[in-house]
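Notes follow the structure.
When a residue number appears, it is its place in the shown sequence, counting from 1.
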Amino acid sequence: MSTPIRFYLPEPIPADLPSSPTVYWTGFRGKMRGGVYAWTVQTFQWLRDAGVNCTLSNDLPSEGILVAHRKSLPRNFVPPAGVLFVCLRADATFHPFAHLHVVLTQRAMSRWYPTFYMPHWPQPGLIPRDPARGDRWENAAFFGDDACIAGEMQSAQWASVLRDLQLNWQHVPPEKWHDFSEVDVVVAIRDFIGKHGYANKPATKLFNAWHAGVPAVLGRESAYEEQRQGPLDYLEARTFSELVAALQRLRDDPALRRAMVENGRTRAHETDPSVIVARWQEFFKDIAEPAYEKWRSASEWQRRIFRVNGFLKTKAQAIEERFWR
């Protein structure tokens, strides 16, 4: 790829930033948003290691392709005339002045903004479940922030259920989010309300469970539903009672657990970093670079229309936020 690609960080690059995307690093906390690290830095590192002509910097480019997380640039940022802006939307709003958006789920696609789906990277430095554990049924775990787990799973009732199921509950701390070695089942449920599709949330917890060789019980989220191809991909729990039933089923059926792990091993190939790298290379070659050349040759009238559309989208977003606040 001849077009220079700049991955942008709003802060200076940390001196202790690992040079490899395969290293699990918690040092980003307090220095940058987790999504910025996972979506900007790791993408840059994987593509750089694959030979893509790209750089990582806290300086904005004056020409070429700019790739930036939505939360790294303000809403009123207008890219320079020689720059094509690719926004990593993640779980934020669309950027009014981005030429292209990359989203984490199919449901997040938009007819008003040019959008392209890209699966999230699996957990860097992931340590899979220890095969020596065999059919042991001892440890259930949640990997994520406190705000991302249903309230019912932080209650005395949940503690009682776990005792009945003969399970230890592990709310895994951030420094061990890569370590599945002692985990026998992953549980990840944001809520039991059933009204939220979480369209902007990726299927990362499912991908990680597949890569780790651990069966998963998950809540109802659009990203999981998009990925589901069969009953062995994961067990879904829309209510607390369904969660209990799913765990009882897994406890009583070791063969089902083994089948889910084997199925997950097959499905994990779809989100192997080499596969995602190839998708990114295809995106830049077939989508971003042609769009950049088209933007470079755009007339002043076309550029003015682009800016006007951006300002209108900015106002529309501000009105929407005031209405829903």
Short question: side chain of N208, backbone of Q123 - any donor-acceptor pair under 3.5 Å?
-> yes
One should read off an interatomic distance between L206 CG and H211 NE2, to the nearest 0.5 angstrom, of 9.5 Å
Below 4.5 Å, heavy atoms only, C-beta onward: do L256 and L250 meet side chain to side chain?
-> yes
Can the positive tip of K313 be found less than 6.0 Å from the middle of the six-membered ring of Y113, inside 45° of the ring normal?
-> yes
Exercise: do R75 and T314 side chains pair donor with acceptor under 3.5 Å | no
R133 versus N139: any side-chain heavy-atom pair under 4.5 Å?
-> yes
For E293, does its backbone N or O pair with a side-chain atom of S297 as donor and acceptor, under 3.5 Å?
-> yes
Do V261 and V214 have side-chain heavy atoms sitting under 4.5 Å apart?
-> no
Between I276 and P122, which heavy-atom pair has the shortest distance, and what is it?
-> CD1-CD, 4.1 Å
If Ile, Leu, Val, Met, Phe, Trp and Tyr residues are connected whenever their side-chain heavy atoms lie under 4.5 Å apart, and connections chain through other members, are I149 and F180 in the same group?
-> no
Going through the distances and angles, do D233 and N263 end up as a side chain to side chain contact (heavy atoms under 4.5 Å, CB included)?
-> CA-CA 7 Å; D233 287 338; N263 174 78; 2.8 Å; yes
Do the side chain of D286 and the main chain of F283 share a donor and acceptor less than 3.5 angstrom apart?
-> no
Under 4.5 Å between side-chain heavy atoms, hopping through other hydrophobics if needed: is there a path connecting M153 to F143?
-> no
Say you draw a straight line from CD of Q248 to OG of S241; how long is it, rounded to the nearest 0.5 Å?
-> 10.0 Å
Do the two ring centres, one from F306 and one from W295, sit under 6.0 Å apart?
-> yes
Flag, side chain of R249 to backbone of D252, donor-acceptor distance under 3.5 Å | no
Under 3.5 Å, is there a donor-acceptor pair linking the side chains of Y198 and D191?
-> yes
Would you say R296 has more than 12 foreign heavy atoms packed within less than 6.0 Å of its CZ?
-> no
Is it possible for you to check whether R307 lies under 6.0 Å from the centre of the six-membered ring of F97, through NZ or CZ, and within 45° of that ring's axis?
-> no
Any donor-acceptor pair under 3.5 Å linking the side chain of R70 with the backbone of T93?
-> yes
Rounded to the nearest 0.5 angstrom, the CG-CZ distance for L60 and R6 is 8.0 Å
Could you tell me the separation between the NE2 atom of H101 and the CE atom of M109, rounded to the nearest 0.5 Å?
-> 12.0 Å
Test log, rule side chain to side chain contact (heavy atoms under 4.5 Å, CB included), inputs Y8 and S57 = CA-CA 5 Å; Y8 172 74; S57 175; over 6 Å; no
Under 6.0 Å from the six-membered ring centre of F192 and within 45° of its axis: does the NZ or CZ of R238 meet both?
-> no
cation_pi(R89, W39) dist<6.0 Å, angle<=45 | no
What are the two closest non-hydrogen atoms of D91 and N200, and how far apart are they?
-> CA-CB, 3.5 Å
Can you check whether V41 reaches L17 side chain to side chain, under 4.5 Å on heavy atoms?
-> yes
Mark yes when over 12 heavy atoms from residues, nucleotides or ligands other than Q166 sit less than 6.0 Å from its CD; otherwise mark no.
-> no
Under 3.5 Å, is there a donor-acceptor pair linking the side chains of S20 and T22?
-> yes
Any salt bridge between E225 and R228, counting N to O under 4.0 Å?
-> no
Answer yes or no: is there an ion pair linking D184 with R136, defined by an N-O contact shorter than 4.0 Å?
-> no
Cluster overlap F240 with L167, hydrophobic side-chain contacts below 4.5 Å | yes
Criterion ring-ring contact (aromatic ring centres under 6.0 Å, His included) against Y37, the qualifying member of Y24, W121, F44, W25 | W25
Evaluate the side chain to side chain contact (heavy atoms under 4.5 Å, CB included) criterion for residues T40 and L9: first the C-alpha distance (whole Å), next the side-chain angles of each, then the deciding distance (0.1 Å), finally the verdict.
-> CA-CA 8 Å; T40 305; L9 288 179; 4.2 Å; yes
Work out which heavy atom in V277 is nearest to a heavy atom in A50; give both atom names and the distance.
-> CG1-CB, 3.7 Å
Going only through I, L, V, M, F, W and Y residues with side-chain contacts under 4.5 Å, is there a path from V103 to V36?
-> no
With a 4.5 Å limit on heavy-atom distance, are the side chains of I65 and F7 in contact?
-> no
Interatomic distance, H95 atom NE2 to Q317 atom CD [nearest 0.5 angstrom] = 8.5 Å
Do any N or O atoms from the side chain of Y292 and from the backbone of G64 form a donor-acceptor pair under 3.5 angstrom?
-> yes
Would you call R163 and W158 a side-chain contact if the rule is heavy atoms closer than 4.5 Å?
-> no
What's the shortest heavy-atom distance between A216 and A209, and which atoms?
-> CB-CB, 3.9 Å
Could you give me the CA-CA distance, side-chain angles and deciding distance for Y234 and W210, then say whether ring-ring contact (aromatic ring centres under 6.0 Å, His included) is met?
-> CA-CA 9 Å; Y234 66 94; W210 287 343; 8.0 Å; no
Just by distance, do the side chain of W169 and the backbone of L162 share a donor-acceptor pair under 3.5 Å?
-> no
State, yes or no, whether a side-chain contact exists between L243 and V187 at a heavy-atom distance under 4.5 Å.
-> yes
Is there a side-chain contact between K201 and L104 (heavy atoms, below 4.5 Å)?
-> no
hydrophobic_cluster_shared for W177 and V186, side chain cutoff 4.5 Å | yes
Contacts of H99 meeting side chain to side chain donor-acceptor pair (under 3.5 Å) (sequence neighbours excluded), chain-then-number -> none
For G125 against H178, the heavy-atom pair lying closest together = O-CD2, 3.4 Å
Is it true that a side-chain atom of H120 and a backbone atom of T271 form a donor plus acceptor pair closer than 3.5 Å?
-> no
Any donor and acceptor pair, going by atom type alone, linking the side chain of Q42 with main-chain N or O of P21 inside 3.5 Å?
-> no
Side-chain (D145) to main-chain (A147) donor-acceptor, under 3.5 angstrom = no
For residues W137 and L247, report the shortest heavy-atom separation together with the two atoms involved.
-> CZ2-O, 3.4 Å
For the pair E221 and R190, find out whether any cationic side-chain nitrogen is under 4.0 Å from an anionic carboxylate oxygen.
-> yes
For the pair K285 and E282, find out whether any cationic side-chain nitrogen is under 4.0 Å from an anionic carboxylate oxygen.
-> no
With side chain to side chain contact (heavy atoms under 4.5 Å, CB included) as the test, would you mind laying out the steps for E262 and R258 before giving the verdict?
-> CA-CA 6 Å; E262 185 60 33; R258 291 193 295 270; over 6 Å; no
Nearest-0.5 Å distance that lies between atom CG in L73 and atom CG in L66 = 6.5 Å
